[in-house]
Amino acid sequence: MLEEEYQLDYFKAQGFVRKTCKACGAAFWTRDASREVCGDAPCEPYTFIGNPIFRPHTLDTMREAYLSFFERQGHTRIERYPVVARWRDDIYLTIASIADFQPFVTGGIVPPPANPLTISQPCIRLNDLDSVGKSGRHLTTFEMMAHHAFNTPSEEIYWKDRTVELCDQFIASIGGDINQVTYKENPWIGGGNAGPSVEVLIGGLEIATLVFMSLGRQKTQEKGYDLKGEMYYPMKLRIVDTGYGLERLVWASKGSPTIYDAVFPEMVSHVMGLAELDHMLGNKDFAKILALNAKYAGLMDISGTNLFNLRKKVAAAIDISPDKLDKMITPVEKVYAIVDHTRCLAFMLGDCIVPSNVREGYLARLVIRRTLRLMNDLRIKEPLADLIEQQFRILGNRKFEQDIAVVREIVDRETEKYAATLERGTRIVQKVAKTYKAKSQRVPLSEVMTLYDSHGIQPEMVKEIAAREGAVVDLPDNFYSIVADMHSESKKEVEEDKTAKYMDRVRALPPTKKLYYEQPADIEFEAVVLDFFDEYAVLDQTLFYPEGGGQPADTGTLVSAESMVRVDDVIKVGEVVLHHITGGVLQRGERAKGMVDEERRLSLMRHHTATHILLHASKEVLGAHIHQAGAQKGADSSRVDIRHFKHITPDELHRIEIAANRMIMTSQPVEISIEDRTRAEQKYGFSLYQGGVPPGRDIRVVKVAGDIEACAGTHCQNTGEVGMIKIIRVEHIQDGIERIEFTAGVAAIYYMQHLEQIVNTSADILSVQPENLPATVTRFFTEWKDQKKEVERMSGKLVDLETRTLVAEVVGGVNVVIKRIDLPQKELSALASSVAEKGGVALVAGGGETARVVLASGDSRVNAGEIIGQVCSLLGGKGGGKPSMAQGGGPDINQLDLALKVGRERILASLHD
RNA sequence: GGGCCGGUAGAUCAGUGGUAGAUCGCUUCCUUGGCAUGGAAGAGGCCGCGGGUUCAAUUCCCGCCCGGUCCA
């Protein structure tokens with residue numbers, strides 16, 4: 001980035017000088033001409049610990065100080081957005097305040113909710129999860145306080161000078177000495193945008209970043225810049241994107257040893273108490289160690305082996321062994337991590353994330369399990385739900401959409417699930433360990449991989465449990481990267497977009513007038529054919545709904561003067577609707593009459609409206625966290641996938657069904673309006689985006705019985721037209737997602753008639769009244785089981801009886817029984833083996849549909865497995881088994897006597913050898 | 001969405017192309033004044049569901065259902 005970007009009039013007027021850091025070589029601005037380093041880590045250590053640089057503040061007072069300062073400077077205060085970025089399809093969690101306004105506001109498509117504005121946005125970043133608690137400064141959750149100004153070519157709000165000036169003034173307003181502040185030049189690139197940026201440093205701490213987003217990847221007439229090999233060009237919109245770290249400001253205002261002591265002191269002391277570490281709290285020497293630890297940690301990246309180096313450094317400074325230090329400090333680090341993680345979870349669950357093994361739900365589960373592990377390490381018995389509830393209270397209940405009772409239930413469930421996984425895991429590892437120990441081998445890496453991949457058992461745990469069993473485990477340091485490599489081999493399939501290839505062809509055509517929105521109840525229309533290619537017809541206007549939003553396309557017919565054709569598919573390319581035609585062609589310029597298949601269209605509309613109703617009914621019954629995870633409408637039945645943390649019970653399903661049908665019976669009007677995206681978001685919240693995030697400045701808002709969504713589908717005009725909703729089944733798609741399959745309108749009636757028929761037919765078969773079906777079926781089933789047992793007993797007796805009447809010939813001192821007994825195979829086996837058990841040889845055969853032969857041998861000279869093959873081949877079949885016991889059969893029952901004769905000869909021959 | 005592992009007695013799990021097993025629990029009896037315990041006997045299985053291969057499938061193959069788990 002060019003140097004002149006940072007030559008601000010404000011810097012000059014205030015007497016700043018531009019210097020180059022002696023340590024890192026970066027350029028920075030300062031009022032202190034004698035300054036030599038930039039003020040950033042690792043060039044400069046923390047100076048504020050034990051020596052606060054602002055007036056003391058809590059999170060709440062600091063936030064208020066910030067927001068009201070910027071309000072006084074003409075900014076509008078905006079409510080925070082959720083920590084789960086439901087308006088984005090590229091990220092799961094809100095990672096910065098500017099993320100609230102991407103991509104539509106920053107892309108210039110939609111105006112901002114206010115301009116300029118100020119906000120304190122809770123953000124979650126899990127990339128530094130490992131460092132949380134250890135470094136003294138890392139957090140998973142932080143509030144990014146910001147003021148944003150969006151400058152357009154026609155309206156300039158303010159730009160770099162004013163932004164830096166506001167920063168100075170704000171720092172002064174909370175008691176900071178602006179002479180200590182440095183502004184470090186640090187060009188910013190991210191998410192396809194770039195611009196000059198300065199880091200705001202004081203006391204060795206970066207407290208804010210001021211970004212001037214002014215470049216984008218889109219090529220323009222103006223001169224471009226090459227940044228890290230990519231070309232960037234000036235954007236029309238220039239955005240002031242600032243980010244002030246609320247927690248860091250509070251930390252610097254208190255000068256406590258770690259950021260954790262500063263931002264959540266009540267929770268730290270509470271969890272310390274639970275871990276029985278209270279004695280550490282008042283200990284001054286210990287506070288010194290922590291401060292020292294944080295200071296050094298601030299100077300280094302502590303991931304991986306660096307943590308050991310940090311320990312060594314701190315240990316050397318206070319003259320104790322690194323081991324001893326580690327024992328002292330590790331439990332406290334875990335306490336900090338627990339406090340941080342529970343706050344993170346309060347935000348995640350409070351903003352309605354449902355833990356699962358997909359998407360943001362996976363991240364929530366990750367944090368939950370990590371926290372449970374930490375609590376277990378410290379032998380904290382208090383339920384995790386209690387800790388999260390306390391965080392809820394500290395943060396203020398009103399901030400969250402989700403009810404604390406539901407949050408508690410979710411957490412308790414997750415806790416139980418994790419305990420079950422651990423228990424199961426322990427057993428599996430013990431078994432594996434024993435196996436390898438018995439073979440006196442090491443447990444191979446492949447085994448550890450399977451345990452992790454398939455059973456979710458951490459390698460460290462495998463090692464620990466195996467050690468208890470006395471087995472050694474092969475575990476390389478780069479275990480996780482090996483796992484990652486294994487997974488990355490899976491190929492990604494690129495889905496072909498059929499609309500893409502018509503993009504150019506369609507560009508010249510005017511947008512199709514969408515009669516299906518204007519007159520959704522109509523089924524006939526007239527239009528002019530604008531274009532015809534590849535069996536696709538483009539009309540000036542249409543009633544045919546193109547596939548989209550989980551609703552399939554309409555079908556129907558088009559009639560022109562020349563021909564009558566079927567419309568079997570309809571797609572939308574940009575704003576142009578393409579009708580796929582079969583059975584003829586259409587000419588450009590001719591008039592055509594269109595007729596939509598009425599039944600199908602009506603049914604699709606009913607199902608679509610029903611989807612909204614059902615979603616709202618589910619929310620009423622199950623809780624605020626219910627969000628749509630996908631939906632597919634059909635003419636006969638439809639399904640909607642919802643995020644929920646447990647199986648929906650039959651009772652809940654009934655209540656949902658009733659609630660949904662009540663909404664139908666009250667015949668509430670369906671309201672559809674086109675609204676400005678930002679205003680709609682402010683008005684209705686982000687549950688608008690149940691079915692995904694539509695592009696564009698305006699969105700189509702559909703209100704159905706209290707459900708408000710951005711939706712492009714066709715709908716009934718009031719809920720009564722849906723007729724009825726019948727839930728067919730609920731399916732558990734994957735962890736955290738339940739699929740409700742249902743049918744609506746006439747299709748629902750057909751479905752119930754079908755059910756009725758199944759019941760009636762079944763009742764007829766048993767000659768009972770439908771009401772008695774369950775009782776009768778139960779009776780039949782138990783009787784069937786009893787009789788099966790009875791048959792078994794009888795068979796046993798039969799075998800006994802037969803055994804006693806068997807006449808054996810004695811050959812070479814061995815009893816040989818050859819007999820045809822028409823019994824099932826199982827009994828034949830029992831019979832033969834009872835002879836063999838006494839040292840005899842028995843060849844028994846039975847007839848029926850096919851011949852069955854069993855040969856059991858209690859004499860080593862007679863190999864049953866060999867002889868049976870020959871016997872069965874005579875029957876046109878095969879057989880086999882062990883030397884002591886063989887079975888077989890074949891279709892030629894007539895040959896049975898011959899087969900027995902040959903068998904007898906073979907047995908006798910064997911005994912004579 | 002992609003991958004991997006699993007589904008056998010009430011529970012936990014062995015096992016096998018050829019008569020379904022162990023341990024705990026359960027029932028009854030014996031030992032004891034009673035309990036812990038010890039001994040004996042017994043009940044309890046659509047070997048997840050549906051198809052295929054085979055003389056024969058709980059076992060092999062395919063599809064489905066259910067549970068677990070890793071990754072994006």
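Chain letters run A, B, ... following the sequence lines, proteins first and then strands; every chain starts at 1. None of these values were measured; they are calculated from a predicted model.
- Residue-level contact check: A:K878 touches the bases, meaning some heavy atom is under 4.0 Å from a base atom.
- Distance, A:L422 CG to B:G68 P: 15 Å, rounded to whole Å.
- At the phosphate of B:G68, neither OP1 nor OP2 sits under 4.0 Å from any side-chain N or O atom of A:R424.
- Note on A:R413 versus A:E409: no salt bridge recorded, every NZ/NE/NH1/NH2 to OD/OE distance being 4.0 Å or above.
- Spacing of C1' atoms, B:A9 relative to B:G1, comes out at 38 Å, to the nearest Å.
- The same atom, C1', is picked in B:G15 and in B:C64; the two are 26 Å apart, to the nearest Å.
- Comparing the C1' positions of B:G45 and B:U8 gives a spacing of 8 Å, expressed to the nearest Å.
- The separation between A:Y418 atom OH and B:G67 atom P is 22 Å, rounded to whole Å.
- Using a 4.0 Å heavy-atom distance criterion, A:G880 is classed as a base contact.
- The side chain to side chain donor-acceptor pair (under 3.5 Å) contacts involving residues 817-829 of chain A comprise A:S795-A:E827, A:R820-A:D822, A:Q825-A:R852, A:Q825-A:Q887, where partners must be two or more places apart or lie in separate chains.
- For the pair A:L843 CG and B:G18 P, the computed distance is 20 Å after rounding to whole Å.
- Here A:R369 reaches the OP1 or OP2 of B:U69: one of its side-chain N or O atoms lies under 4.0 Å away.
- Using N1 to N3 plus N6-O4 or O6-N4 for Watson-Crick, or N1-O2 and O6-N3 for G-U wobble, each under 3.5 Å, B:A41 pairs with B:U27.
- Of the residues in residues 454-463 of chain A, those placing a heavy atom less than 4.0 Å from an atom of RNA chain B are A:S454, A:H455, A:G456, in numerical order.
- B:U58 sits 13 Å from B:G18 when the C1' atoms are compared, rounded to a whole Å.
- For A:H608 and A:Q551, the side-chain atoms include at least one donor-acceptor pair closer than 3.5 Å.
- With a cut-off of 3.5 Å on both pairing distances, B:U54 has no Watson-Crick or G-U wobble partner at all.
- Put simply, the side chain of A:W87 gets close to the backbone of A:A99: a donor and an acceptor are under 3.5 Å apart.
- Residue A:H647 has no polar side-chain atom (N or O) positioned under 4.0 Å from OP1 or OP2 of B:C66.
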Item to check | Residues A:E414, A:K417; criterion salt bridge (Lys or Arg N to Asp or Glu O under 4.0 Å); working and verdict | outcome: CA-CA 5 Å; A:E414 284 294 312; A:K417 263 185 119 145; 5.1 Å; no
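- Of the two residues near RNA chain B, A:K826 and A:Y452, the one whose nearest nucleotide lies more 5' is A:K826.
- Ionic pairing of A:E790 and A:R793 is present here: one or more N-O contacts between side-chain nitrogen and carboxylate oxygen are shorter than 4.0 angstrom.
- Base contact: A:S833 has a heavy atom under 4.0 Å from a base atom.
- Between A:K882 and B:U16, a side-chain N or O to OP1/OP2 separation shorter than 4.0 Å is absent.
- Distance noted for atom C1' between B:A72 and B:C65: 26 Å (whole Å).
- Comparing A:V730 and A:Q825, the nucleotide of RNA chain B nearest to each residue sits closer to the 5' end for A:Q825.
- With 3.5 Å as the limit, one finds a donor-acceptor pair spanning the side chains of A:Y418 and A:R373.
- Between the CD1 atom of A:I428 and the P atom of B:C70 there is a distance of 12 Å, given to the nearest Å.
- Judged by distance alone, the side chains of A:E709 and A:Y689 never bring a donor and an acceptor atom under 3.5 Å apart.
- The base-pairing partner of B:G67, taking Watson-Crick or G-U wobble contacts with both distances under 3.5 Å, is B:C5.
- Distance check on atom P: B:C24 versus B:G38 gives 9 Å, rounded to whole Å.
- Spacing between B:G48 and B:U54 at atom C1', rounded to whole Å, works out to 23 Å.
- Within 4.0 Å of A:G888, counting heavy atoms only, lies at least one base atom of the nucleic acid.
- Comparing B:A41 with B:A22, their P atoms sit 12 Å apart, to the nearest whole Å.
- For the pair A:E423 CD and B:A11 C1', the interatomic distance rounds to 11 Å; values are reported in whole Å.
- Taking the charged nitrogens against the carboxylate oxygens, A:R427 and A:E423 do have a contact shorter than 4.0 Å, which makes a salt bridge.
- Between the CE atom of A:M885 and the P atom of B:U16 there is a distance of 18 Å, given to the nearest Å.
- Straight-line distance from the CZ atom of A:R427 to the C1' atom of B:C5: 15 Å, rounded to whole Å.
- Whole-Å rounding puts the A:D453 CG to B:A72 P distance at 11 Å.
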